[in-house]
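Structure, as structure tokens:
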Amino acid sequence: MTAENPLPTIAILGGTGKEGPGLALRWAKFGYPIIIGSRQLEKAQATADKLNNELGIDSIRGFENRTAARNADLCVLTVVHSAHEQAIDGLKEDLSGKILVDATARVDFRDPRPPAPPSAARLAQNKLGDQVRVVAAFQNVPAAALRKNLDQPLDEDVLICADDPADAVEVSKLAESLGMNAYYAGNLDNAVVVEGLTSILISMNKHYGSRSATIQVTGINKD
Ligand SMILES: NC(=O)c1ccc[n+]([C@@H]2O[C@H](COP(=O)([O-])OP(=O)(O)OC[C@H]3O[C@@H](n4cnc5c(N)ncnc54)[C@H](OP(=O)(O)O)[C@@H]3O)[C@@H](O)[C@H]2O)c1
């Protein structure tokens, strides 16, 4: 949120890889103020510059992860899954009072298998404590789909797990701004199943030669 923009400022921590820039592009296009976070300031700024060029804007900023978290209203974690625990070490203070959206799916692309409980998001919540509200989301949204056809809404659904459904409502707004249908899918323990779905989706992509397999929910009328 800035003086000129009522939408919350989103920091994407580890936003220099594949998933983070895709989310950043789409949220920036919708109008959210975006900060790219990285372990290295120069890398964050280079990614921010690239995304600004792609959209013809100059509002996306790049900071080191801790500064990014401090300057945001809400943060999204998109570090490589093997660095998940390491990445949140040291962020507790800067994330205090905020929602951290954890997009981590601890699945190896080369050998996809469902991860063991607890979920990455539960691990993050345990580590970060009560002052941070962790919400698990976007683990099944492929980076390839985010980068493709930027002018079209994302025709897919997103499962949102949170211990407090009110926090899921906040994150649903982010998903809906991208054109997705968002569904509350229970507490953070359920998020391990959502991570596991990524293992299924990667296996399906490999079998069918696709890159953007994802999920859609039927049988629920939200109206
Ligand atoms: N790729 C997808 O299609 C997809 C889909 C859904 C969910 N996800 C999830 O999104 C997350 C990111 O996926 P990705 O494919 O974008 O990963 P990635 O490109 O391999 O890495 C993302 C970023 O992680 C940071 N990083 C690497 N090692 C780190 C460490 N030791 N400590 C802190 N940060 C570190 C790097 O940022 P800096 O070097 O700039 O710090 C890197 O740019 C993963 O948890 C994945 O499960 C990915």
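Numbers for residues simply follow the sequence, beginning at 1. Note that ligands are numbered from 1 as they come in the structure, with each ligand's atoms numbered from 1 the same way.
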Item to check | Residue and atom name of the nearest protein heavy atom (relative to atom 17 (O) of ligand 1), distance in Å to one decimal | outcome: Val80 CA, 4.0 Å

Item to check | Polar side-chain atom of Glu64 near backbone of Arg66 as donor-acceptor pair, under 3.5 Å | outcome: yes

Next on the checklist: Quick check: Gln40 and ligand 1, any N/O pair under 3.5 Å apart?
Outcome noted: no

Checklist entry - Can Ile36 be reached from Leu146 by stepping across I, L, V, M, F, W or Y side chains whose heavy atoms are under 4.5 Å apart? => result yes

Checklist entry - Relative to atom 44 (C) of ligand 1, which among Val79, Leu23, Thr104 owns the nearest non-hydrogen atom? => result Val79

Checklist entry - With a 4.0 Å heavy-atom cut-off (strictly under), which part of Gln86 contacts ligand 1: side chain, backbone, both or neither? => result side chain

Checklist entry - Any idea which atoms of ligand 1 are less than 4.0 Å away from a heavy-atom of His81? => result 44 (C), 45 (O)

Item to check | side-chain contact (heavy atoms from CB on, under 4.5 Å), paired with Leu95, selected from Val132, Leu77, Leu74 | outcome: Val132

Next on the checklist: Please state which option from Gly37, Pro21, Ala83, Gly14 has its nearest heavy atom closest to atom 23 (C) of ligand 1.
Outcome noted: Gly14

Checklist entry - Is there a path from Ile88 to Ile99 through hydrophobic residues (I, L, V, M, F, W, Y) whose side chains come within less than 4.5 Å of each other? => result no

Checklist entry - Under 3.5 Å, side chain of Gln125 to main-chain N/O of Val134, donor-acceptor pair present? => result yes

Next on the checklist: Checking the N or O distance criterion of under 3.5 Å, is ligand 1 in contact with Ser38?
Outcome noted: yes

Item to check | Close-contact set for ligand 1 against Phe138 heavy atoms, below 4.0 Å | outcome: 6 (C), 7 (C)

Item to check | Heteroatom distance test (Ala143, ligand 1): nitrogen or oxygen, under 3.5 angstrom | outcome: yes

Checklist entry - Could an N or O of ligand 1 be found under 3.5 Å from any N or O of Gln139, whether backbone or side chain? => result no

Item to check | Numbered atoms of ligand 1 (with element) below 4.0 Å of Pro142, judged on heavy atoms | outcome: 3 (O)

Item to check | Same apolar cluster: Phe138 and Ile160, side chain cutoff 4.5 Å | outcome: yes

Checklist entry - Between Glu170 and Lys98, is there a side-chain N and carboxylate O pair less than 4.0 Å apart? => result no

Checklist entry - Say you draw a straight line from OG1 of Thr67 to CG of Asp94; how long is it, rounded to the nearest 0.5 Å? => result 7.5 Å

Item to check | Within-cut-off N or O pair, Lys18 and ligand 1, under 3.5 Å | outcome: yes

Checklist outcome for this item: Under 4.0 Å from one or more heavy atoms of Thr78, ligand 1 contributes atoms 11 (C), 12 (C), 22 (C), 23 (C)

Checklist entry - What atoms of ligand 1 come within less than 4.0 Å of a heavy atom belonging to Gly17? => result 16 (O), 19 (O), 22 (C), 43 (O)

Checklist entry - When you measure from the centre of the six-membered ring of Tyr184, is the NZ or CZ of Lys222 under 6.0 Å away and within 45° of the axis? => result no

Checklist entry - Can you tell me how far CG of Asn205 sits from NE2 of His207, rounded to the nearest 0.5 angstrom? => result 11.5 Å

Item to check | atom 2 (C) of ligand 1: the protein heavy-atom neighbour that sits closest, reported with distance to 0.1 Å | outcome: Glu19 OE1, 3.4 Å

Checklist entry - Any sub-3.5 Å donor-acceptor pair from Lys18's side-chain atoms to Pro142's backbone N or O? => result no

Checklist entry - Any N or O of Arg39 that comes nearer than 3.5 Å to an N or O of ligand 1? => result yes

Next on the checklist: When you compare ligand 1 with Lys43, is there at least one nitrogen or oxygen pair between them that comes in under 3.5 angstrom?
Outcome noted: yes

Checklist outcome for this item: Looking only at protein heavy atoms, what sits closest to atom 42 (C) of ligand 1 is Thr16 OG1, 3.8 Å

Next on the checklist: Looking only at distances, can you tell me whether any N or O atom of Ala105, backbone or side chain, sits closer than 3.5 Å to an N or O atom of ligand 1?
Outcome noted: yes

Item to check | Salt-bridge present (Asp163, Arg133; N to O < 4.0 Å) | outcome: no

Checklist entry - Are any side-chain N or O atoms of Glu195 and backbone N or O atoms of Ala120, one a donor and one an acceptor, separated by less than 3.5 Å? => result yes

Checklist entry - Considering only heavy atoms, does Asn65 approach ligand 1 within less than 4.0 Å through its side chain, its backbone, both, or neither? => result neither

Item to check | For Ala103, atoms of ligand 1 separated by under 4.0 Å from a heavy atom | outcome: 7 (C), 8 (N), 9 (C), 10 (O)

